[in-house]
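Note that ligands are numbered from 1 as they come in the structure, with each ligand's atoms numbered from 1 the same way.
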Amino acid sequence: HAKSEGRGRFRFFSEEMNHKILHRVALENALRQGLERGEFFLHYQPQWDLRTNKMVGAEVLLRWQSADFGLMLPSDFISLTEDSGLILGIGEWVLRSACLQARLWAEQGHPEFRVAVNVSGKQLKQQDFVAMLNQVIWETGVDPKSLELEFTESVIMENADRTIETLEALKNMGVQLSIDDFGTGYSSLNYLKHFPVDRIKIDRSFVADVSRSNDDAAIVEAIITMAQSLSLKVLAEGVENSDQLHHLSELGCDEVQGFYLAKPMPADALEGSLGREHGRRIGKHEVTE
Ligand code: C2E
Ligand code: MG
Ligand code: MG
Ligand code: MG
C-alpha cells in the first residue's frame with residue numbers, strides 16, 4: 001500500500017534524522033565536558049625558513065582525545081564548537097596553552113621561535129577578544145612577537161571594515177598576523193594592502209600541483225610577487241615532496257610547512273629541533289620517503 005509505504009519511509013527518514021540529532025547532542029555534550037576533563041591537547045607542526053633552512057616556528061593544531069568518541073581531528077568537531085559557541089572557551093584554552101609553551105621555549109633559549117594559533121571567525125567577532133588576548137599574554141608572560149594569529153582569508157574578508165579595526169588593535173599589541181588558506185577566498189590581491197598582516201599562507205591546494213601544473217605555478221608566483229611588493233612574508237603549506245620544495249624555493253617563497261618536512265607532533269617531540277636545519281633534500285624529481 002502506498003499509504004503504509006509512505007508512512008514507513010517517513011518513519012525511516014525521521015529515525016535517521018533522530019539519529020543525527022542525537023549524535024550531534026552527544027557530541028556537543030562530550031565537547032562541553034572535554035575542557036573540564038582535560039581531553040584537549042595540542043600538536044605543533046614545524047615551519048621552516050627557506051633561506052636558512054632553519055625551523056623558525058610551529059603551527060598549533062588542536063586534538064581531542066574524547067572518552068566517548070576516541071581521537072578526534074578538527075574536521076570532526078570544530079564547526080560544531082563554532083555553532084554552539086563552545087569555540088570561545090576552547091579557543092581561549094588553545095591560546096593560553098600555546099602562549100605558555102612559547103614562553104617555555106623562549107626561556108629554553110629560543111626567544112625568536114614563533115607559535116602560530118588558528119583563530120576562528122566566531123572568536124574574532126567576540127566583543128572582548130582583544131581584551132582576552134591581552135590578559136592571556138600578560139598572565140603567561142609570553143613575548144607578543146612570538147605569537148602569531150592565523151585567520152582564514154574568508155573570515156578576514158567578511159565584515160572587512162570591522163576586521164581591519166580589530167586586526168589593528170591586535171597588531172598594536174605586538175602579535176604577528178597571518179592569512180590562512182590564501183587563494184581559496186575571493187579577495188582581490190590589491191585589497192590586501194588594507195589589512196595589517198605580516199604573512200600569507202598559500203593554501204595547500206596550490207602547493208599540491210606547483211611542480212606539475214603551469215597554472216598553479218603561475219598562481220603561486222603571482223601571490224609571491226604581490227606579497228613581496230606589499231612587504232609580506234609568504235609561507236607555503238602542505239609541502240609533501242622535494243619537488244614541491246624545489247619549486248617553492250625557486251619561486252622565492254620565504255617559508256614552508258608540510259608532511260615532507262614534519263608532521264604535527266607533541267611539543268616535547270619538537271624540542272630538540274628548534275632553530276635547527278631540516279636536513280631534507282630540495283631537488284627536482286628525487287625519490288621522496
Ligand atoms: P589549517 O590551519 O590549514 O591547518 C593545516 C592542516 O593541514 C592541519 O590539519 C595539518 O595537519 C594539515 N597538513 C599539514 N601539512 C600537510 C601536508 O603536507 N599535507 C596534507 N594533506 N595536510 C597537511 P588539521 O590539524 O586536521 O587541522 C585542520 C584545520 O582545523 C586547520 O586548517 C584549522 O583551520 C583548523 N584548526 C586546527 N586547530 C584549530 C584551533 O585550535 N582553533 C581553530 N579555530 N581551528 C583549528
Ligand atoms: Mg592554520
Ligand atoms: Mg591552512
Ligand atoms: Mg586548511
Side-chain angles (χ1 to χ4, degrees), residues 31 34-35 39-48 55 57-65 71-99 101-102 114-126 129 132-133 136 147-156 176-185 197-211 223 234-245 248 253 255-267 269-270 278 280 288-289:
L31 277 165
L35 261 190
E39 292 180 344
F40 292 102
F41 62 100
L42 301 177
H43 272 176
Y44 294 79
Q45 186 179 32
Q47 301 176 329
W48 277 272
M55 197 200 291
E59 178 172 9
V60 180
L61 296 160
L62 182 59
R63 301 289 180 257
W64 177 31
Q65 183 65 55
L71 180 64
M72 303 281 274
L73 292 174
S75 57
D76 302 319
F77 65 89
I78 284 285
S79 69
L80 185 54
T81 67
E82 288 176 333
D83 295 345
S84 61
L86 288 167
I87 190 65
L88 301 182
I90 295 171
E92 184 172 341
W93 178 85
V94 172
L95 276 167
R96 184 167 275 108
S97 310
C99 285
Q101 186 60 63
R114 196 173 71 221
V115 162
V117 175
N118 291 286
V119 179
S120 129
K122 287 275 149 56
Q123 289 175 275
L124 187 64
K125 281 196 208 101
Q126 197 186 1
F129 180 73
M132 180 273 284
L133 186 69
V136 167
L147 175 66
E148 176 169 285
L149 303 179
E150 296 189 2
F151 303 97
T152 63
E153 185 186 6
S154 41
V155 160
I156 285 195
Q176 300 191 50
L177 305 175
S178 68
I179 305 184
D180 203 357
D181 303 342
F182 190 80
T184 59
V197 298
D198 303 279
R199 182 173 287 98
I200 289 173
K201 297 187 73 175
I202 302 180
D203 191 70
R204 67 167 179 266
S205 57
F206 301 107
V207 174
D209 288 327
V210 71
S211 52
I223 294 176
V234 179
L235 181 147
E237 60 180 8
V239 177
E240 293 183 348
N241 59 53
S242 70
D243 237 19
Q244 293 164 348
L245 198 55
L248 291 163
C253 184
E255 294 169 346
V256 285
Q257 171 184 350
F259 292 168
Y260 179 59
L261 299 139
K263 294 203 165 159
M265 61 182 99
L270 187 146
H278 57 68
R280 285 290 191 215
T288 64
E289 287 161 49

Notebook entry, point to check: Hey, what's the angle at the Mg ion (ligand 2) spanning OD2 (Asp180) and OE1 (Glu150), nearest 10 degrees?
Noted result: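 Roughly 90°, rounded to 10°.
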
Counting each atom of ligand 1 from 1 as listed, which ones have a heavy atom of [X] under 4.0 Å away?
X: Asp181; answer: 3 (O)
X: Asp180; answer: 1 (P), 2 (O), 3 (O)
X: Glu237; answer: 3 (O)
X: Val94; answer: 41 (O)
X: Gly258; answer: 15 (N), 18 (O)

Let me confirm one number: the [atom1]-[atom2] distance from [X] to [Y], rounded to the nearest 0.5 Å.
X: Ile202; Y: Ile179; atom1: CD1; atom2: CD1; result: 12.0 Å
X: Ser211; Y: Asp209; atom1: OG; atom2: CG; result: 7.5 Å
X: Gln123; Y: Thr81; atom1: CD; atom2: OG1; result: 8.5 Å

Note to self: My understanding is that only one of Glu153, Glu150, Glu255 makes a salt bridge (charged side-chain N to carboxylate O under 4.0 Å, His left out) with Lys201; could you say which?
What the structure shows: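 The passing option is Glu150.
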
Checklist line | From the candidates Ala262, Pro74, Ser97, Ser205, the one that places a heavy atom nearest atom 36 (N) of ligand 1 | finding: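 Looking at heavy atoms only, the winner is Pro74.
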
Check: Who's closest to atom 25 (O) of ligand 1 heavy-atom-wise, of Lys263, Glu150, Arg63?
Finding: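 The residue whose heavy atom sits nearest atom 25 (O) of ligand 1 is Arg63.
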
Any non-hydrogen atom of [X] lying under 4.0 Å from ligand 1?
X: Gly238; result: yes
X: Gln257; result: no
X: Lys201; result: no
X: Pro264; result: yes

Give a yes or no on whether [X] keeps an N, O or S atom under 2.8 Å from the Mg ion (ligand 2).
X: Asp181; answer: no
X: Glu237; answer: no
X: Thr152; answer: no

Check: How are the rings of Phe151 and Phe129 set to each other: parallel, tilted or perpendicular (split at 30° and 60°)?
Finding: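 Perpendicular, since the angle between the ring planes exceeds 60°.
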
Checklist line | Parallel, tilted or perpendicular: ring planes of Phe77 versus Phe40, cut at 30 and 60 degrees | finding: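 Tilted: the ring planes of Phe77 and Phe40 meet at 30° to 60°.
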
Note to self: Is it true that Gln257 and Glu59 share a donor-acceptor pair across their side chains at a distance under 3.5 Å?
What the structure shows: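 Side-chain D/A pair, Glu59 to Gln257: present.
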
Would [X] count as a polar contact of ligand 1, with the cut-off being nitrogen or oxygen pairs under 3.5 Å?
X: Phe259; value: yes
X: Glu82; value: no
X: Gln45; value: yes
X: Leu62; value: yes

Margin query: Could you go through Leu31 and Leu80, starting from their C-alpha distance and side-chain angles, then the distance that decides it, and tell me whether this counts as side-chain contact (heavy atoms from CB on, under 4.5 Å)?
Written below: CA-CA 9 Å; Leu31 277 165; Leu80 185 54; 4.0 Å; yes

Checklist line | Glu59, N/O/S atom nearest the Mg ion (ligand 2) | finding: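 It is OE2, the N, O or S atom of Glu59 closest to the Mg ion (ligand 2).
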
Check: Less than 4.0 Å between a side-chain N and a carboxylate O, is that true for Glu148 and Arg114?
Finding: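 Yes, this pair counts.
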
pair [X]-[Y]: side-chain heavy atoms closer than 4.5 Å:
X: Thr152; Y: Asn118; result: no
X: Leu95; Y: Leu149; result: yes
X: Arg280; Y: Trp48; result: no

Margin query: What verdict does the side-chain hydrogen bond (donor to acceptor under 3.5 Å, both in side chains) test give for Glu39 and Gln65, after you've listed the backbone C-alpha separation in whole Å, the side-chain angles of each residue and the deciding distance to 0.1 Å?
Written below: CA-CA 5 Å; Glu39 292 180 344; Gln65 183 65 55; over 6 Å; no

Next item on the list: Would you mind telling me if ligand 1 is within reach of the side chain of Met72, the backbone, both or neither, using heavy atoms under 4.0 Å?
Entry: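 Contact part for Met72 vs ligand 1: neither.
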
Check: If you measure from each non-hydrogen atom of His43 to ligand 1, which part falls under 4.0 Å: side chain, backbone, both or neither?
Finding: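 Within the 4.0 Å criterion, His43 makes no contact with ligand 1.
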
